[in-house]
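What follows is a short report on a single structure.
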Amino acid sequence: MRLVFLGMPGVGKGTQAKQLSHELHILQVSTGDMLRAAISKGEANGKEAKSCVESGRLVPDELVIRIVKARLLEEDMKNGFILDGFPRTDAQADALSQMGESGQLDRVLSFEMDEEMLVSRLSGRRTCSKCEEIYHQIHRAPKQEMICDLCGGALIQRKDDHSDTVLERLRVYKKETMPLIAYYESRGLLSHIDANGTFDAVSQRVMAVVGANLRK
Ligand code: AMP
């Protein structure tokens with residue numbers, strides 16, 4: 001199964017992608033995680049992407065397309081994948097559609113939520129510096145303050161989760177990525193997911209859409 005998850009930052013699509021990838025035995029491909037890993041390892045791709053990622057702008061299409069293309073060709077992608085955070089522009093969507101079998105998508109899920117709620121979710125978000133598990137100061141506090149429940153790593157606030165950068169990321173999403181909703185709708189691939197409510201409630205909506213696709 002080849003899926004794309006679209007949605008504004010903070011909408012919870014990464015956490016849903018993680019859960020669904022376990023259930024379907026496929027891998028989650030998060031371009032944000034890949035770029036952050038490249039930055040922290042000091043790789044060339046990371047050096048190129050650093051200032052864009054930290055300020056909430058999109059990194060150049062050419063760079064993201066190159067890393068996704070290489071990743072989707074790897075052996076462990078044979079059963080399918082969930083693309084989380086890619087494509088984000090028309091050019092990326094066109095490039096994906098030209099990636100042979102990898103570009104033949106089964107479904108695109110658009111996670112949707114009120115913007116005010118997103119800003120509050122993002123600015124309270126804390127991320128484990130070691131395993132990237134996501135917490136929230138109010139809605140999902142760790143047992144020990146600023147320590148990851150899973151691996152004991154230190155929790156940090158990602159630079160791009162600071163409130164001014166959050167607003168920039170939302171602006172960029174509306175301008176560059178929202179048009180992809182119509183792009184995939186016109187190809188008959190889009191399902192809207194109401195991302196309000198608890199994790200389990202949203203997860204059930206996701207399963208209803210994906211389950212219907214599995215039965216096809
Ligand atoms: P995310 O974790 O998906 O919110 O991504 C964090 C940041 O990585 C974004 O704000 C962008 O700077 C960069 N990024 C991730 N995916 C893409 C993409 N598909 N195209 C361009 N930039 C991206």
Side-chain angles (χ1 to χ4, degrees), residues 2-18 20-21 27-41 43-72 81-99 102-103 105 108-113 115 118-119 121-129 131-136 155-181 183-184 195:
R2 290 182 285 264
L3 301 169
V4 164
F5 279 16
L6 289 179
M8 288 199 191
V11 76
K13 65 182 180 344
T15 332
Q16 292 291 339
K18 194 172 190 179
L20 186 65
S21 66
L27 293 178
Q28 170 189 12
V29 177
S30 157
T31 41
D33 286 352
M34 288 163 91
L35 292 167
R36 281 186 291 278
I39 293 171
S40 66
K41 286 185 202 146
E43 291 170 2
N45 288 339
K47 286 187 180 133
E48 201 179 330
K50 191 172 194 287
S51 66
C52 294
V53 171
E54 289 179 354
S55 63
R57 283 174 290 129
L58 293 183
V59 310
D61 285 332
E62 175 274 322
L63 169 61
V64 199
I65 291 168
R66 182 157 35 85
I67 62 172
V68 169
K69 197 169 178 181
R71 184 69 186 94
L72 295 188
F81 48 76
I82 303 175
L83 281 174
D84 161 19
F86 180 94
R88 261 172 148 104
T89 63
D90 280 346
Q92 293 178 18
D94 286 340
L96 175 61
S97 72
Q98 286 156 25
M99 288 182 199
S102 308
L105 302 173
V108 176
L109 276 64
S110 166
F111 290 78
E112 292 158 16
M113 181 186 278
E115 213 177 309
L118 285 175
V119 176
R121 280 172 63 137
L122 279 175
S123 34
R125 182 156 88 169
R126 298 293 178 268
T127 308
C128 175
S129 54
C131 72
E132 301 251 356
E133 185 70 8
I134 290 171
Y135 296 85
H136 190 279
L155 301 190
I156 51 161
Q157 181 175 34
R158 271 167 47 180
K159 271 196 181 146
D160 58 344
D161 282 345
H162 290 274
S163 43
D164 46 345
T165 315
V166 164
L167 295 177
E168 174 63 6
R169 288 163 70 200
L170 294 177
R171 188 193 66 76
V172 168
Y173 181 86
K174 281 192 263 185
K175 180 161 179 274
E176 305 285 351
T177 311
M178 248 177 169
L180 294 184
I181 295 177
Y183 177 103
Y184 286 119

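Keep in mind that this is a model prediction, so the values were computed, not measured. Atoms within each ligand, like the ligands themselves, are counted from 1 in listed order.
- Evaluated by nearest non-hydrogen atom to atom 2 (O) of ligand 1, the leading choice among Gln92, Arg36, Glu54 is Arg36.
- Considering only non-hydrogen atoms, atom 11 (C) of ligand 1 lies nearest to Arg57 out of Glu168, Glu132, Arg169, Arg57.
- For the pair Ser51 and Arg57, the minimum side-chain heavy-atom distance is below 4.5 Å.
- Heavy atoms of Asp160 found under 4.0 angstrom from ligand 1 belong exclusively to the side chain.
- Around atom 16 (N) of ligand 1, the closest heavy atom drawn from Asp161, Thr31, Ile67 belongs to Thr31.
- Note on ligand 1: Cys52 sits in its first shell, one or more heavy atoms being nearer than 4.0 Å.
- At the top of the distance list for atom 22 (N) of ligand 1, counting protein heavy atoms only, stands Val59 N, 3.1 Å.
- Heavy atoms of Arg158 approach ligand 1 to within less than 4.0 angstrom.
- When each of Asp94, Asp90, Thr177 is tested with Tyr183 by the rule side-chain hydrogen bond (donor to acceptor under 3.5 Å, both in side chains), just one qualifies, namely Asp94.
- Residues Ile67 and Leu35 meet the side-chain proximity criterion, which asks for heavy atoms closer than 4.5 Å.
- Considering backbone and side-chain atoms together, Gly85 places an N or O closer than 3.5 Å to an N or O of ligand 1.
- When side chains are defined from C-beta on, Ile65 counts as touching Gln92, because their heavy atoms get closer than 4.5 Å.
- Arg66 and Asn45 make their closest contact through NH1-OD1, 3.3 Å (heavy atoms, listed as atom of the first residue, atom of the second, distance).
- Of all the atoms in ligand 1, the ones that sit under 4.0 Å from a non-hydrogen atom of Leu35 are 8 (O), 13 (C), 14 (N), 15 (C), 23 (C).
- With atom 18 (C) of ligand 1 as the reference point, the heavy atom nearest to it among Lys13, Met34, Arg88 is part of Arg88.
- At a 3.5 angstrom cut-off on N or O pairs, Val64 does not count as close to ligand 1.
- Under 4.0 Å is where a charged nitrogen must lie from a carboxylate oxygen, and between Asp161 and Arg126 no such pair does.
- Among protein heavy atoms, the minimum distance from atom 7 (C) of ligand 1 is reached at Val53 CG1, 4.1 Å.
- Residues Leu72 and Leu96 are in side-chain contact: their nearest non-hydrogen atoms beyond the backbone lie under 4.5 Å apart.
- Atoms of ligand 1 found under 4.0 Å from any heavy atom of Leu58 (numbered from 1 in listed order, with element): 21 (C), 22 (N).
- Using a 4.0 Å cut-off between a side-chain N of Lys or Arg and a carboxylate O of Asp or Glu, Glu132 and Lys18 do not qualify as a salt bridge.
- When side chains are defined from C-beta on, Leu3 counts as touching Leu20, because their heavy atoms get closer than 4.5 Å.
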